[in-house]
Amino acid sequence: MSALEQSICKYAEEPTKSVVRPALGLTFDSLGEAYDYYSLHIWEIGFGVRYGKSRLNAERTMCMHEIVCGCSVSTEF
């Protein structure tokens with residue numbers, strides 16, 4: 001079951017203000033799925049998201065990509 005499906009099921013059992021509720025331990029099948037999930041969550045609150053920093057491993061494969069608030073400013077120079 002995807003993270004979004006889990007959130008919808010939890011909302012049906014326990015209605016709150018927000019349908020999408022991020023929690024530790026959520027897993028996603030792709031970066032796009034994670035971005036869509038957090039984009040929906042943050043839209044409910046009234047903000048936007050964007051891609052932040054990313055990291056490559058020794059094989060030059062992306063191993064991390066941040067999804068950050070659209071208003072955040074990078075502190076790296």
Side-chain angles (χ1 to χ4, degrees):
M1 190 180 310
S2 75
L4 183 56
E5 291 171 324
Q6 291 175 18
S7 290
I8 292 170
C9 288
K10 285 180 184 177
Y11 181 79
E13 295 169 2
E14 193 179 313
T16 64
K17 291 181 180 179
S18 180
V19 175
V20 179
R21 291 180 278 174
L24 288 175
L26 286 178
T27 58
F28 303 95
D29 292 331
S30 68
L31 177 61
E33 181 184 353
Y35 183 88
D36 291 344
Y37 180 85
Y38 284 102
S39 182
L40 182 58
H41 166 66
I42 213 76
W43 173 80
E44 284 186 304
I45 296 171
F47 294 95
V49 296
R50 65 177 178 80
Y51 289 112
K53 295 181 254 180
S54 63
R55 300 274 186 267
L56 302 177
N57 62 17
E59 291 83 35
R60 306 291 299 160
T61 304
M62 187 183 305
C63 61
M64 187 278 299
H65 203 147
E66 293 180 342
I67 298 172
V68 298
C69 176
C71 299
S72 71
V73 177
S74 176
T75 57
E76 283 189 19
F77 295 96

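For Cys69 against Phe47, the heavy-atom pair with the smallest separation is SG-CD2, 4.4 Å. Counting all heavy atoms, side chain and backbone alike, Tyr35 lies closest to Val49 at OH-O, 3.2 Å. Between Ser54 and Met62, the shortest heavy-atom contact is CB-SD, 4.3 Å. What you find for Thr27 and Ala3 is that their closest heavy atoms are O-CB, 4.2 Å.
Leu26 and Ile45 fall within the same hydrophobic cluster, defined by Ile, Leu, Val, Met, Phe, Trp and Tyr side-chain heavy atoms under 4.5 Å apart, directly or through other members.
By the 6.0 Å contact criterion, CG on Asp29 is open, its count of non-hydrogen atoms from other residues, nucleotides or ligands being 12 or less.
Considering only residues two or more places apart in sequence or on other chains, Glu66 meets the side-chain contact (heavy atoms from CB on, under 4.5 Å) condition with Lys53, Met64, Val68.
Looking only at side-chain heavy atoms (C-beta outward), Val19 and Leu4 stay at 4.5 Å or farther from each other.
The distance from atom CD of Glu13 to atom CD1 of Ile8, rounded to the nearest 0.5 Å, is 12.5 Å. Here the straight-line distance linking atom CD1 of Ile42 with atom CZ of Arg50 works out to 12.5 Å at 0.5 Å rounding.
Sorted by first and then second residue, the pairs that involve residues 37-48 and meet side-chain hydrogen bond (donor to acceptor under 3.5 Å, both in side chains), not counting sequence neighbours, are Ser7-Tyr37, Ser18-Glu44.
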